[in-house]
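Data first, discussion second: the structure below is written as structure tokens.
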Amino acid sequence: MASNHLYLVDGSGYIFRAYHQLPPLTNRYGLNVGAVYGYTAMLWKLADALDKADGPTHLAVVFDKGSHTFRNDLYDKYKAQRPPAPEDLVPQFPLFRDATRAFSLPCIEEAGFEADDIIATYTMKAIAAGWDVTIVSSDKDLMQLIRPGVDMLDTMKNERRGADYVMGKFGVPPEKLGDVLALMGDSVDNVPGVPGIGPKTASKLILEYGDLESVLAAAPAMKPSKMRENLIANTEMARLSRVLVDLHREVPVPHALDELRLDGIPPEPLRAFLEDQGFKTLLSRLAAHAPGKDKADPVAGAAAGSATPAAEVALPDFVPLPPIDRDAYETVTTLERLDAWIAESYASGIIAIDTETDALDSISANLAGICLATAPGRACYIPVGHRSDDGMFAEAPVQIPLADLVARMRPLLADAAVLKIGHNIKYDLNVLKRVGLDVAPIDDTMVMSFDLDAGQSLAGHGMDEVAQAVLDHSCIPFKEVAGTGKKAISFAQVPLDQATRYAGEDADVTWRLWTRFQPRLAREAATRVYELVDRPLIPVVAGMERAGIKVDREHLSRLSGRFAQEIARLEEEIHGEAGQPFTIGSPQQLGAILFDKMGLKGGKKGKSGAYSTDVTVLEKLKADGVKIAGLVLDWRQLAKLKSTYTDALQAQINRDTGRVHTSYSLTGAQTGRLSSTDPNLQNIPIRSEAGRQIRDAFVAEPGNVILAADYSQIELRLAAHMADVPALREAFRRGEDIHAATAQELFGEVNRDTRGRAKTINFAILYGISRWGLASRLEIEPDEAQAMISRYFERFPGISAYINETLEKARATGFTETLFGRKTWFPQIKAGVQHIRQGAERAAINAPIQGSCADIIKRAMVRMTPALEAAGLDRVRMLLQVHDELVFELPEADVEAATPIIRAVMAGAAEPLVSLSVPLGVEIGTGPSWGAAH
DNA sequence: CGACTCACG
DNA sequence: GACGTACGTGAGTCGC
């Protein structure tokens, strides 16, 4: 049987060629249709090749749809300088689709993707099926796809092109073409490339060093030249270009390969179309014989008049998925079956992976088993660490030895051609790293969900919730397999059949989620933030979690003891003032003592009807000379520090590493910030002296120091940039004290009082101000506060414009965006209840600023280790992130060399995607402890 | 498990 | 006309 041969026609390429080659021609509606005629003639010519030996058995015509694709998200200047389509071509666009359908050929387009990506996707599918492919185009980007079984056809020059053609034209084989294109750039598409490097130099460099990354790595060692300088200065641009020229090979295409089968071209509806457009020459040719047939086809002819047009390509949002069947998953306990699954994984090229462990934190958990899914519905569970059911007497189940599993999985997990998808894969990365396995490349459906839907009705982005929302599927609750409360067992004790059902479902669901999220990223313009910010961050944060930070237990213990003494003393004094003992930590009891028993003024608050006893209330009482209020404040501070920090932190020190390993969530904060748990290392005290001492417990190993690098005033700087406030911008450029500058602008003089007020107002602006909020902070009347706000807006008109535009956009679209395109949704922005709506408005004003800040520090984190390593500083470890601060541990001897690099990476983190009109200031300090580094 | 309080940016 | 007000987090304690 002759093998199948798929022809993929670059319809957009055809259109432009047709336009430039044919004279104007008008149809009976007065519409210029010269290009349509040319296009139709070209299709005819192609169809005439149908019966040839190497002609198509299957064919599709592929178009670009819209001008915005995921590449614009990656680089906003992509194709930006391309002139708009000629005026007389635009009205012809719909007719090209009509013409294609007239030939009864499927025409395919997909929002968010270019025709090239769809062609690449079908090409890969056809190769996998063992088909031959011919790409009908002369586009150089598509030449990357050429390989045995895949060639290109230039119908204008009537020339078939294979690997030799690419070698001849670019000097490299097709698989290296992407690297060459990335270096040389493309002025038509505005792919930046590296200045001064054209096709010749690019191919020479790639031939010499092998690939782009190797060229970039070798650049510093090249002999001094303009080229070397350009390579070093444009490393990021080159990497970005590499991504831009790469073809997306996993577009969710609407038709299976088989649906593209070609069975001759029926005369209808082609005849009707030609007639309608008045293409008489072609009509007369049709009368002689239909294209693609030497003579008229009697069967096709018989169907004339009743032929249905080619499948209308209404693109389904969903590739249909088989139902979930938990009984279909396999338990793998032999090396033969393991090898079979590994082979299947390579063949698939995309696998979902999920590790099961005996604990919740990825740093101390032991591996119980690994689950792989190679396709929706196709999953296996490989137990390695399961114990007996009772954990003691019964025999442990037969399992593959861990060492064998690790050895066989290592090449697969590290293979660049196999994508590993996880839901919160950071966890799996850490668990697997601890048994010696590196995993790359990765995708994370939890992060994808977050980048698409942050702020939407979902409370979180955990697997169970996302599966419910996206797949309408209820996952087995973990409790159901592991039990709950005292009777809970670890996953390592779960019987294998149950474990397989549970783990298999997780990996299966992950694969399915990926099929839903992957196309949405491009369509919904989330590619930029996912690919350039969050996805590359995952392994970086995983590394920080594994690194942990050393904590001096004795120091904490001493503090605990000191706090305990002071707390006991205060307790006695408070009870004495109250005239009776009571639980000071109970707001209820404290309220009763203060306001009922002692009869102090301070009213009720809150819907619970309980007295409020928070700091603001107690501070007021204290100011009125109420002694007990001040004592309770002191007690509260110490009790908080002791229980939350000095006591709890000691318990968090890992016995193996002697360090504290937090867990960061990439999806916890709606604005895009990270959050930190178990323990939270983003709220370690610093503001009070007693609290500050706790930071001194975070120390460096002997011979090392802690280095803390802070962005100074980054949110205000971004506000000045985003709202375009010249006065603030200039003040930052001149390096002035920004709150003092604001005070000068608002009050005409700078002193302690006006600077303090200005600082409060500056923050109020970032948070979405209200006159009442500002009034209570400044302890003035709302009218006065309103006057100050008005003055602020008057002086900085960009701010009020920014607020209005942000709110209008949020109301119109439902979301706000950061400088890097991160979306946060605000479903409550149109709420009928005023205070709910206003709350959403304030959050919407803040989100772009807070979120842009988060994007910037994330980009700094992604680049930090490579930048340090490039300078030979591989002993510098990045340990913590606290929103605008990065904490490192490094040998004392490296401080001098590392400091300027850390500063440069942080200050330049927005570039080249975003150029800020305000400089980013970075303050760096070092010392034996975190406290001393500030 | 929710309310309250408070630690951080 | 009253309400209750700054944005984003996580954790410990109390008390139902």
Side-chain angles (χ1 to χ4, degrees), chain A residues 454-455 582-591 603 605-618 632-633 635-649 651-652 662-665 667-688 690-692 694-695 710-716 719 760-778 782 785 789 816 824 826 833-851 853-854 857 880-886 930:
Chain A
F582 69 100
T583 310
I584 304 169
S586 165
Q588 205 181 65
Q589 293 186 32
L590 177 64
K605 258 211 242 169
K607 25 198 168 197
S608 57
Y611 292 112
S612 170
T613 64
D614 69 14
V615 252
T616 56
V617 174
L618 294 180
V632 170
L633 280 170
W635 182 92
R636 278 224 183 120
Q637 191 198 18
L638 292 174
K640 171 83 175 178
L641 295 178
K642 181 170 184 294
S643 70
T644 309
Y645 301 105
T646 57
D647 289 351
L649 223 39
Q652 294 275 1
T662 185
S663 171
Y664 287 103
S665 169
T667 61
Q670 309 295 6
T671 53
R673 274 190 178 178
L674 302 187
S675 70
S676 159
T677 57
D678 306 309
N680 181 356
L681 294 185
Q682 290 181 324
N683 70 347
I684 301 299
I686 192 167
R687 291 172 187 169
S688 72
R692 185 182 282 267
I694 293 169
R695 288 212 173 197
D710 285 55
Y711 281 114
S712 82
Q713 310 283 10
I714 187 171
E715 290 200 352
L716 267 179
T760 301
I761 298 170
N762 274 333
F763 279 104
I765 294 295
L766 298 179
Y767 296 149
I769 197 169
S770 77
R771 74 186 77 167
W772 300 279
L774 185 62
S776 78
R777 293 282 160 143
L778 290 178
I789 295 167
T816 62
T824 303
F826 293 93
V833 183
Q834 183 178 269
H835 74 269
I836 302 273
R837 183 177 66 250
Q838 289 177 337
E841 287 174 353
R842 290 193 297 268
I845 292 166
N846 178 251
I849 299 169
Q850 188 181 117
C853 181
I857 195 167
L880 303 178
Q881 189 252 43
V882 194
H883 311 309
D884 64 357
E885 171 184 11
L886 295 174
W930 193 7

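We name chains A, B, ... by the order of the sequence lines, and we start the count at 1 in each one. Everything quoted here is computed from the prediction, not taken from an experiment.
A/I714 CD1 to A/Q850 CD: the interatomic distance, rounded to the nearest 0.5 Å, is 11.5 Å.
Backbone-only engagement by A/I686 is indicated by non-hydrogen atom pairs under 4.0 Å involving sugar-phosphate atoms exclusively. Residue contacts shown for A/R636 are limited to sugar-phosphate atoms, with no base heavy atom under 4.0 Å away. The residue A/L766 sits apart from the nucleic acid: no heavy atom pair falls under 4.0 Å. Here A/T662 lies out of heavy-atom contact (under 4.0 Å) with every strand.
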Worked check of side chain to side chain contact (heavy atoms under 4.5 Å, CB included) between A/Y664 and A/Q682 = CA-CA 10 Å; A/Y664 287 103; A/Q682 290 181 324; 3.9 Å; yes
task = Let me see the working for A/Q637 and A/S688 under side chain to side chain donor-acceptor pair (under 3.5 Å), right down to the final yes or no.
result = CA-CA 9 Å; A/Q637 191 198 18; A/S688 72; 2.7 Å; yes
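For the pair A/Q637 CD and B/dC8 P, the interatomic distance rounds to 9 Å; values are reported in whole Å. When the P atom of C/dG8 is taken as reference, atom CD of A/E885 falls 22 Å away, rounded to whole Å. Taking atom CG on A/N762 and atom C1' on B/dG9, their separation rounds to 16 Å, with Å as the unit. Distance CZ (A/R695) to C1' (B/dG9): 10 Å, rounded to an integer number of Å. Nucleotide C/dT5 holds its P atom 18 Å from the CZ atom of A/R837, rounded to whole Å. Atom CG in A/D884 sits roughly 13 Å away from atom C1' in C/dG8 (whole-Å rounding). Taking atom CD of A/Q881 as the reference point, atom P of B/dC8 lies 17 Å away to the nearest angstrom. Rounded to whole Å, the distance from CG on A/L649 to C1' on B/dA7 is 12 Å.
Take A/R777 and apply the side chain to side chain contact (heavy atoms under 4.5 Å, CB included) test, not counting sequence neighbours, and it matches A/T760.
With A/D710 contributing its side chain and A/S712 its backbone, the two residues share no donor-acceptor pair below 3.5 Å. Looking only at distances, no side-chain donor or acceptor of A/Y767 sits under 3.5 Å from a matching main-chain atom of A/A843. Looking only at distances, no side-chain donor or acceptor of A/T677 sits under 3.5 Å from a matching main-chain atom of A/N680. A/T662 places a side-chain N or O within donor-acceptor distance of the main-chain N or O of A/P679, the cut-off being under 3.5 Å. Under a 3.5 Å cut-off, the side chain of A/Q589 and the backbone N or O of A/T583 do form a donor-acceptor pair.
Residue A/R842 has no polar side-chain atom (N or O) positioned under 4.0 Å from OP1 or OP2 of C/dT5. Between A/T613 and the phosphate of B/dT5, there is a side-chain N or O to OP1/OP2 separation shorter than 4.0 Å.
When the P atom is used for both C/dT5 and B/dT5, the distance is 12 Å, rounded to whole Å. Atom name P, nucleotides C/dG4 and B/dC4: the rounded distance is 12 Å, in whole Å.
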ask   = Where along nucleotides 9-16 of chain C does protein come under 4.0 Å, by heavy atom, of base (B) or sugar-phosphate alone (S), with - for untouched nucleotides?
value = SBBSSSS-
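Among the nucleotides B/dG9, B/dA7, B/dT5, the one closest to the side chain of A/L641 is B/dA7. When the nucleotides B/dC6, B/dC8, C/dC7 are ranked by their closest atom to the side chain of A/P685, B/dC8 comes out on top. When each of B/dA7, B/dG9, B/dC6 is scored by its nearest atom to the side-chain atoms of A/R673, the top-ranked nucleotide is B/dG9. Closest to the side chain of A/Q850, out of B/dC8, C/dT5, C/dG8, is C/dG8.
Side-chain N/O atoms of A/R777 and base N/O atoms of C/dA6 include a donor-acceptor pair closer than 3.5 Å.
Looking at heavy atoms from C-beta onward, A/W930 lies in side-chain contact with A/L880 at the 4.5 angstrom threshold.
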note = Each base of DNA chain C marked ( ) or [ ] if paired in-strand (Watson-Crick or G-U under 3.5 Å), | if paired to another strand and . if unpaired gives ......|||||||||.
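Side-chain N/O atoms of A/S665 and A/R673 include no donor and acceptor closer than 3.5 Å.
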